[in-house]
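Only this structure's heavy atoms are used, side chains among them; waters, hydrogens and symmetry mates stay out. Chain letters run A, B, ... following the sequence lines, proteins first, then strands; residues in each count from 1.
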Amino acid sequence: MKKYIIIYLVGILALTSCNSKESRSFVLTPKEAAKANSQTNIISPQLLGDIYYSRNNTTIYQFIDLRTPQVFENGHVKNAINIPFRTMTRNKSCRYFLNQDVINIIYGESTEQAIFAGFFLQQIGVKNYFIVLGNYDFIKDNIIDHYNVYSAHYNPEIAQYDYARIVAETAGARNYASSPKAAKPAATFKRKKKSAAGGGCD
Amino acid sequence: MKKFDVIYVGLLLVGAFWAFVINSANDEPIDRVQPCDLLDIVSQTDKYMTTDELARRLMSDDPTLALIDLRSKTEYDKYSLTGATNIPLENVLDDEYVDIINQDIQTVVFYGNSSDLAAKAWMLTKRLGYQNSYILKGGLNRWVETILRPREPQETASRVEFERYSFRKAASSYFGGGSALGESTTTKRLSAPIKRKKKSAAGGGCD
């Protein structure tokens with residue numbers, strides 16, 4: 001009897017898994033990932049500076065550099081380990097990301113690369129990480145070489161310009177600002193009546 | 001075959017059918033790639049569309065372009081690119097937008113203020129195996145810097161850069177971006193105002 005029950009359960013499980021093409025490694029479904037707030041995993045410049053310059057906290061923070069080994073060799077954050085982006089899921093790399101004893105601070109060759117890495121980790125259920133907005137050069141210029149509390153504010157997703165105003169400045173062939181300024185009617189020129197041409201004899 | 005065997009095989013089939021129904025009823029989009037494959041796709045796939053390329057296609061009224069503005073509705077209402085559809089990132093996989101996001105006919109271009117939102121949306125589409133999607137490199141901030149307000153290259157710049165600048169200036173006029181930056185740096189001699197002598201009233205006749 002037990003034998004049949006076990007076979008039955010195994011069969012059900014096997015058929016269920018065969019039918020589902022969903023990867024079991026993703027913890028968040030695509031829709032959940034789309035709705036997830038990933039802002040909480042973006043490190044603030046102040047915390048980044050504090051971690052970099054504090055010797056006490058560095059034991060629980062681990063910098064991870066996603067760039068290629070060649071670029072990494074030319075310069076990196078002190079004590080950072082190099083895990084090229086494409087190798088993040090390899091067994092050797094995985095243990096760094098899955099290590100719950102440290103908080104990983106991830107940076108890459110661009111903000112997008114760090115975003116990709118962070119969003120990927122979020123989808124597979126890793127939580128103990130921060131990503132740095134800005135690439136290594138940004139960290140070097142604003143944290144390592146010339147750090148002050150105002151130097152590293154950077155959030156590329158904030159609108160840097162008033163787009164509508166810029167577009168409204170000059171009417172182009174296509175002005176797509178939703179509330180363009182109404183075009184002023186052309187001023188009418190009033191011409192002074194010319195005085196009668198003098199001439200002739202009075 | 002024993003009587004119990006028949007019962008258990010029957011139960012097995014019923015269970016399999018039930019599992020199939022449960023999966024079919026699930027409205028979640030199905031992952032098409034494994035996590036490690038997703039990283040390869042992100043690394044290898046051509047994923048960016050430049051602002052120049054986008055401007056070129058918009059100026060030619062390319063009907064195969066589907067622009068998706070991932071910002072909030074408030075931001076979208078203030079300004080958006082030509083013909084863009086507003087789908088905030090959190091709604092990008094909602095059922096009502098699937099036909100826009102997942103299609104073979106048009107080129108889907110995601111954009112936000114920078115590339116960040118677009119990178120996430122693009123990654124999700126690749127996870128689901130959707131084709132034809134791109135990220136607007138640099139987003140609207142770069143759109144302003146390169147298209148609406150192009151910067152004049154230095155005198156020592158290459159011919160390609162000047163040609164690009166020339167195109168951007170034309171695009172700037174087309175999209176209503178106003179003046180190009182850097183034009184004022186070229187010192188243009190102001191022509192001296194011409195003073196015209198006041199014409200004396202036409203004399204005539206006899207004094």
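- Checking each of Gln113(A), Arg86(A), Met88(A) against Ser43(B) for a side-chain contact (heavy atoms from CB on, under 4.5 Å) leaves exactly one that passes, namely Arg86(A).
- For Leu140(B), the parts lying near chain A are the backbone and the side chain together; criterion is any non-hydrogen pair under 4.5 Å.
- Note that the CZ atom of Arg149(B) and the CD1 atom of Ile166(A) stand 4.0 Å from one another [nearest 0.5 Å].
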| said: Set out, in order, the CA-CA distance, both residues' side-chain angles and the distance that settles salt bridge (Lys or Arg N to Asp or Glu O under 4.0 Å) for Arg71(B) and Glu157(A), then state yes or no. | reply: CA-CA 10 Å; Arg71(B) 301 171 305 152; Glu157(A) 199 46 51; over 6 Å; no
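- With contacts defined as side-chain heavy-atom distances shorter than 4.5 Å, the pair Thr89(A)/Gln34(B) does not qualify.
- Contact of Lys137(B) with chain A is made through the side chain alone, with heavy-atom distances under 4.5 Å.
- The nearest pair of heavy atoms linking Phe116(A) to Met123(B) is O-CE, 3.4 Å.
- Of the atoms belonging to Ile158(A), it is backbone heavy atoms, and not side-chain ones, that fall under 4.5 Å from chain B.
- The two atoms that bring Asp95(B) and Lys31(A) nearest to each other are OD1-NZ, 3.3 Å, heavy atoms only.
- Donor-acceptor pairing under 3.5 Å is recorded for the side chains of Tyr163(A) and Asn113(B).
- More than 12 non-hydrogen atoms from other residues, nucleotides or ligands lie less than 6.0 angstrom from CD of Gln44(B).
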Check step by step if side-chain contact (heavy atoms from CB on, under 4.5 Å) holds for Lys120(B) and Ile115(A).
CA-CA 8 Å; Lys120(B) 289 177 181 175; Ile115(A) 293 273; 4.0 Å; yes
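- When all heavy atoms are compared, the tightest approach of Gln123(A) to Leu124(B) is OE1-CD2, 3.9 Å.
- Phe26(A) is listed as a side-chain neighbour of Leu38(B), based on a closest heavy-atom distance under 4.5 Å.
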Between Phe175(B) and Val167(A), does the side-chain contact (heavy atoms from CB on, under 4.5 Å) criterion hold? Intermediate values first, please. CA-CA 7 Å; Phe175(B) 292 107; Val167(A) 172; over 6 Å; no
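- Interface remark: of the candidates Leu128(B), Asp116(B), Leu89(B), Leu93(B), Asp116(B) forms the most heavy-atom pairs closer than 4.5 Å to chain A.
- Of the inter-residue distances, the one linking Arg165(A) atom CZ with Tyr79(B) atom OH reads 13.5 Å to the nearest 0.5 angstrom.
- For chain A, the nearby part of Trp122(B) is the side chain; its heavy atoms alone come within less than 4.5 Å.
- When heavy atoms are compared at a cutoff of 4.5 Å, Leu117(B) approaches chain A by way of both its backbone and its side chain.
- Summarising the local packing, NZ of Lys35(A) is surrounded by more than 12 heavy atoms from other residues, nucleotides or ligands at distances under 6.0 Å.
- The minimum heavy-atom distance linking Asn141(B) with Tyr161(A) is given by the pair O-CE1, 3.6 Å.
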Using the rule given for side-chain contact (heavy atoms from CB on, under 4.5 Å), can you reason through Phe120(A) versus Val42(B), listing the C-alpha separation, both sets of side-chain angles and the distance that settles it, and then say yes or no?
CA-CA 10 Å; Phe120(A) 174 76; Val42(B) 172; over 6 Å; no
